[in-house]
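Keep in mind it's a predicted model, so treat the numbers as computed, not measured. Each chain gets a letter, A, B and so on, in the order the sequences are listed, and its residues count up from 1.
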Amino acid sequence: MSTKTAKEAAGAAPAEEGSLALDLYRQVTRIRALELLLNRYVKEHGFGGFWHPGLGQEAVQAGAVMALRREDYLYYAHRGLGYALVKGMAPEVLLGDLFGRTGGSVGGKGGGTVHFVDPELGVLGQGGTLGSNFVLGAGAATSIQILGEDRVVAVFFGDGAAARGTFHEAALQAAVWKLPIVWVCENNGWHLSAPFSDQSPTEDIADRAAAYGVPGVVVDGQDALAVRAATLAAVERARAGEGPSLVEAKTLRIRGHYEGDPQKYRDDIADGLEVPRDPLAILRERVPAAEADALDAVAAEEAEAALEKALAMPKGGPEVVTQGVWA
Amino acid sequence: MSTKTAKEAAGAAPAEEGSLALDLYRQVTRIRALELLLNRYVKEHGFGGFWHPGLGQEAVQAGAVMALRREDYLYYAHRGLGYALVKGMAPEVLLGDLFGRTGGSVGGKGGGTVHFVDPELGVLGQGGTLGSNFVLGAGAATSIQILGEDRVVAVFFGDGAAARGTFHEAALQAAVWKLPIVWVCENNGWHLSAPFSDQSPTEDIADRAAAYGVPGVVVDGQDALAVRAATLAAVERARAGEGPSLVEAKTLRIRGHYEGDPQKYRDDIADGLEVPRDPLAILRERVPAAEADALDAVAAEEAEAALEKALAMPKGGPEVVTQGVWA
Amino acid sequence: MSVETERIGYAWAINHALAEEMRRDPRVWMMGQDIGRMGGVFGVTRGLFDEFGPARVRDTTINETFIVGGAAGAAMTGTIPVVELQFADFGLVAGDEIFHKLAKWRYMHGGKLELPAVVRLPTGVVGGAGAEHSQSLEAMGMHVPGLKVALPATPADAKGLLKSAIRDPNPVLFFEHKGLYRVKGEVPTSDDYLVPFGEAAIRRRGDAATVVATGLMVGRALEAAEALAAEDIELEVIDPRTLVPLDMDTIIASVERTGRALVVHEAVRTAGAGAEIAARIQEAAFFALDAPVWRLGALDTPIPQDPELEQLVIPSAAQIEVAVRELVGL
Amino acid sequence: MSVETERIGYAWAINHALAEEMRRDPRVWMMGQDIGRMGGVFGVTRGLFDEFGPARVRDTTINETFIVGGAAGAAMTGTIPVVELQFADFGLVAGDEIFHKLAKWRYMHGGKLELPAVVRLPTGVVGGAGAEHSQSLEAMGMHVPGLKVALPATPADAKGLLKSAIRDPNPVLFFEHKGLYRVKGEVPTSDDYLVPFGEAAIRRRGDAATVVATGLMVGRALEAAEALAAEDIELEVIDPRTLVPLDMDTIIASVERTGRALVVHEAVRTAGAGAEIAARIQEAAFFALDAPVWRLGALDTPIPQDPELEQLVIPSAAQIEVAVRELVGL
Ligand SMILES: Cc1ncc(C[n+]2csc(CCOP(=O)(O)OP(=O)(O)O)c2C)c(N)n1
Ligand SMILES: Cc1ncc(C[n+]2csc(CCOP(=O)(O)OP(=O)(O)O)c2C)c(N)n1
Ligand SMILES: [Mg+2]
Ligand SMILES: [Mg+2]
């Protein structure tokens, strides 16, 4: 692993750290509760479409998104719904999208892996074609620069998506224009069935940042505090007009590529729900047990309630099919 | 400029150097003679289509191509015809292509910037869309690997083309598969009207090689011996199965992007035929004057004769238009 | 002459074609995402990595421009790449490589380069894959000269057309329908079973109207024909199988008999392959037509992600039935 | 009502439209290769860098996926990017960004994202630019729902359509013909001169046949019409101006009068926009037609690099003339 690490300086002062850890714990356990609930739901009821579980990657999503402000833009990746949840979208809306309900954010067009959206919260989408996030994000950052806004764009991507040429095209231009972007790589070690280690000539994707003359740091993706600190440093740099940075969070893909993937190509992990180096456990060491327990309970309730609400929403019918093509 | 330099070891021993310098001189002066002749021809007769002069970049083209063997593959760039000439194609064939003559290598379909080809000599083409050379070259190198051949692929490209995403996609896969490729960047400081220095976050393109864990060297592109030595080291590495390398040759674009470009965007150079740090002058210091003079004369004759032959070839007519779409 | 057949799925028929051709010709090789150990996201290449090894069955990273552009480079240097994009839509990620390099480089170089590459493109709706993973883009291949375009509708054609594609010295876009992968049918077992390009298959004989259908729509047209037969409306159903080359002779001969034609495809109706086929039918058989040539295709919208909604965008058997009933009444 | 006009070139009309819209709305900005100090490879953006500065007139490096994908990202975040690709063909380098991001992201996100972007695409043959720089690819834009497609044939339309495109909340593919850049015509000087999308222009009235022509072919059709008028064959020449939306009403009304139609475009004939237009004409006006709808388009070959040969691939005025003479004789 690279010797670069996130600047400690970017972390919070000790006094704040407790509440920060609690905030992160709240988000991680909220994502976890939804992930487990979805896992159970899919097992019991099946699922129309594809669902790419994010179990085990909650610390990256929570930590990085919590380094953003409400007005900052977010292009998320396909793995899970933690990104959008932490950015502020209601869990029933996200589930509504997953189940193709009209109460979902895309109004019933969703189903399976979807495209959550909330422009008010800066949640802008994900490329169904991997890697389009890079160029979209650079474009959004150009808008920010032209309008003189105080926003930052966070672009999430996997270790696989990092191979797309759009990364190179966007990164070069973003570096030259000093665009306010933070690239957050969730390196979970897999491009679907291909191990990252078989498909990357270098150990760290963060090393590729040097080609663009921008900072690249590697951070423990199971440690939400570390992810947040590294991302915050990058966000502040971007907001200060100093240009883009890359944060690579090393994490783990616990489940299949999609829920139901038999994963015959893999033997590094048992097909279960256990998370090695569990981000919840790591955070728990920083927060009072009672508070953690309480947050777990709230998260579980929130998830159950969201499921109930989502399932109560009507499905989209023929009328939604032709809506929204044109302004 | 990067501190990396080509390994001296890869150069020739002193005894051979004389003849190597002569060989290089021969090629550089051959290219130069054709370039000047074309320049004159275009001025006097105009030109159908576009012609991108390579004046001043002869040392890169000659030096790098001379590091290749006959059976090695070549994807050249759009600037000039030195690549194909040095690889062994007859000058009248190249001019025939430029003038749309049936005696050109593409049988009369050419005209202006063309697509010379000679599979026997490994001359395979250039992407009209910049950057396609990278993926084509990586594919040819994969063929070599599958067939167990002893060939290498040279991929030429400009500092502008280096920005294309295809570079990233090809480079990652080539590095992982250890494909026998040499990327030769002719960094002439311009992407058409945009200065390289405005469009690159780093001073050297060679620095981008580290992202792929492969060697990247910067070399003086006006010094044919240095270019050849650096390229040869990369070619030998590729042939030995150790994978791709990048050679960045710093050179100059003397003329407009295309012949006739008014270059209003530029004031670094007078619009003339003078070549600062002239590769011919640099080589002349290594070869006996009489021999150089003789080679100049032969080259000038060759160029004149080629022009005459090319202009005597018939133009392609309606019959060639529909030929060659299908095998 | 009896032909030995076995009953296998469309995906498996493709798998057999790949294996047979790789055994026959050592220059044939494959690359794509997850085609190796995993056997492909749709399971089409299962077993091939074990049989042919990592040099000839290559997992790439996420780099469609390399997968297709690399195929072009490899094809012009003595091998025969058969590459997979996970979804046909990703052909647009490699648009330059498909439409410029593969399609034009033979011509541009005076016929001196050969480009015997096959790009396998899992096409069509599959149940929730969404707007960027469900399109039917074969018309684009038809519009750019230099590419052959195949669209098998049955397991036997999947095998026979793919083998022809691999042996073809030209680049071929091979649109395999994701929704047909599990459909079974009788497939000739012979190693030399080839379905030639440019020969339409008449799937059903009839005289009331000619339905030209491709891919998934062949089955739906036959379903509609079945239903209409009960009303004594006998449809002739023609599956062109390849769009480039396109067997207009068979279509025109049929329309000259029936006097009526409906073209059906899953692709967006506007500017789809059906527009070309309809335009050509009326050009060649205008005076034999009793009614305009009609077309059914997808609505002018992207494909919704929801698995139920996506079916509302593309033609159903019932819609074909309704359209034909109206057309024969004109 | 008299409209003040000036006689300027097509390229200059585009330049005016850009300048006026950038003055009108500070959210409008541009990016592309060499559009800044150089004023564009075809000189279309001259002076705009000086007037609007480097923040709003941005030179990019060679990165078409960013130019178009960045436009999509910028459009959904409050600005109105008008980007230039140096050649329309490069749209295929950014195929994912055009056909997936720009075309579908509004729909996919339930209408919550707006994508008011314009992609300027210098199209067609220009004299030796070659197979990868001379194509006419508008049919692809027509086939993928979510994109508007404009193809101005005159300087006035170039200005009026571009201004409409910039004010349109939808993504627009704006195909400017490279061969028309220097053609001059009267152009309204008003800052508010807009040519609406979806309104065909009847360029000439006649009753012998309807010729539907686009882009460079409008002029060639008018030339042919001129020649044929000497033989008392009076053509009606219709220029649709936008293909999405497409004004079929005007075309059908004309064909119902003339009974004959020829569609002409520079794009490859096979699966071009003409196929769609021909198919729709016969769908809507079958019983009014006295002859099949014919089409002229480029041959099924890539465009040769040679400036003389390229003209042999696309329709000429003479070919239009010959085709019409034959068509009216049917
Ligand atoms: C351009 C493109 N190619 C391929 C795919 C299919 N695909 C979806 S996810 C995936 C693996 C992505 O790996 P990574 O980016 O590491 O994300 P992870 O799934 O590990 O979270 C692939 C190949 C796609 N969606 N887009
Ligand atoms: C994909 C693509 N984008 C743009 C162009 C137009 N174009 C041709 S050459 C050129 C400049 C290239 O600069 P560089 O690669 O440095 O080569 P140089 O001309 O300096 O030799 C441009 C923009 C192209 N041919 N292909
Ligand atoms: Mg991954
Ligand atoms: Mg350059």
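When each of V293(D), V93(D), V244(D) is checked for heavy-atom pairs under 4.5 Å with chain C, V293(D) comes out on top. When each of A298(C), P145(C), A285(C), G95(C) is checked for heavy-atom pairs under 4.5 Å with chain D, P145(C) comes out on top. Ranked by heavy-atom pairs shorter than 4.5 Å toward chain C, the options G274(D), A278(D), G272(D) are led by G272(D). Across V268(D), L299(D), L243(D), the residue that shares the most heavy-atom pairs under 4.5 angstrom with chain C is V268(D). Chain D forms the most heavy-atom pairs under 4.5 Å with one residue out of A279(C), A94(C), A284(C), and that residue is A279(C).
In this structure, the side chain to side chain contact (heavy atoms under 4.5 Å, CB included) partners of L312(D), at least two apart in sequence or on a different chain, are P318(B), V321(B), L309(D). Applying the side chain to side chain contact (heavy atoms under 4.5 Å, CB included) criterion to A208(D), with sequence neighbours excluded, gives I233(D), V328(D). Partners of A71(D) according to the side chain to side chain contact (heavy atoms under 4.5 Å, CB included) rule, which considers only residues two or more places apart in sequence or in another chain, are P81(D), V83(D), A117(D).
Using a 4.5 Å cut-off between heavy atoms, M140(D) contacts chain C through both its backbone and its side chain. Of the atoms belonging to V263(C), not a single heavy atom falls under 4.5 Å from chain D. With a 4.5 Å cut-off on non-hydrogen atoms, I281(D) does not touch chain C at all. For M142(C), the parts sitting under 4.5 Å from any heavy atom of chain D are the backbone and the side chain alike. In this structure, chain C has no heavy atom under 4.5 Å from any part of A273(D).
In terms of heavy atoms, A139(C) sits closest to A271(D) at O-CB, 4.0 Å. Counting all heavy atoms, side chain and backbone alike, A291(D) lies closest to F287(C) at CA-CZ, 4.3 Å. When all heavy atoms of A103(C) and P302(D) are compared, the closest pair comes out as O-CG, 4.5 Å.
Taking CZ from F99(C) and CG from L137(D), the interatomic distance works out to 9.0 Å, rounded to the nearest 0.5 Å.
For the pair F286(C) and L289(D), the minimum side-chain heavy-atom distance is below 4.5 Å.
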So between chain C and chain D, what donor-acceptor pairs come in under 3.5 Å?
| unit_1 | atom_1 | unit_2 | atom_2 | d |
| --- | --- | --- | --- | --- |
| L92(C) | O | D96(D) | N | 3.1 |
| D96(C) | N | L92(D) | O | 3.1 |
| H100(C) | NE2 | Q135(D) | NE2 | 2.9 |
| K101(C) | NZ | E132(D) | OE2 | 3.0 |
| K104(C) | NZ | Q135(D) | OE1 | 2.9 |
| W105(C) | NE1 | E132(D) | OE2 | 3.0 |
| E132(C) | OE2 | K101(D) | NZ | 3.0 |
| E132(C) | OE2 | W105(D) | NE1 | 3.0 |
| Q135(C) | OE1 | K104(D) | NZ | 2.9 |
| Q135(C) | NE2 | H100(D) | NE2 | 2.9 |
| H143(C) | ND1 | T270(D) | O | 2.8 |
| H143(C) | ND1 | A271(D) | O | 3.3 |
| R269(C) | NH2 | E283(D) | OE1 | 2.7 |
| R269(C) | NH2 | E283(D) | OE2 | 3.4 |
| T270(C) | O | H143(D) | ND1 | 2.8 |
| A271(C) | N | E276(D) | OE1 | 2.6 |
| A271(C) | O | H143(D) | ND1 | 3.3 |
| E276(C) | OE1 | A271(D) | N | 2.6 |
| E276(C) | OE1 | R295(D) | NH1 | 2.7 |
| E276(C) | OE2 | R295(D) | NH2 | 3.1 |
| Q282(C) | OE1 | V293(D) | N | 2.8 |
| Q282(C) | NE2 | V293(D) | O | 2.8 |
| E283(C) | OE1 | R269(D) | NH2 | 2.7 |
| E283(C) | OE2 | R269(D) | NH2 | 3.4 |
| E283(C) | OE2 | R295(D) | NE | 2.8 |
| E283(C) | OE2 | R295(D) | NH2 | 3.1 |
| V293(C) | N | Q282(D) | OE1 | 2.8 |
| V293(C) | O | Q282(D) | NE2 | 2.8 |
| R295(C) | NE | E283(D) | OE2 | 2.8 |
| R295(C) | NH1 | E276(D) | OE1 | 2.7 |
| R295(C) | NH2 | E276(D) | OE2 | 3.1 |
| R295(C) | NH2 | E283(D) | OE2 | 3.1 |

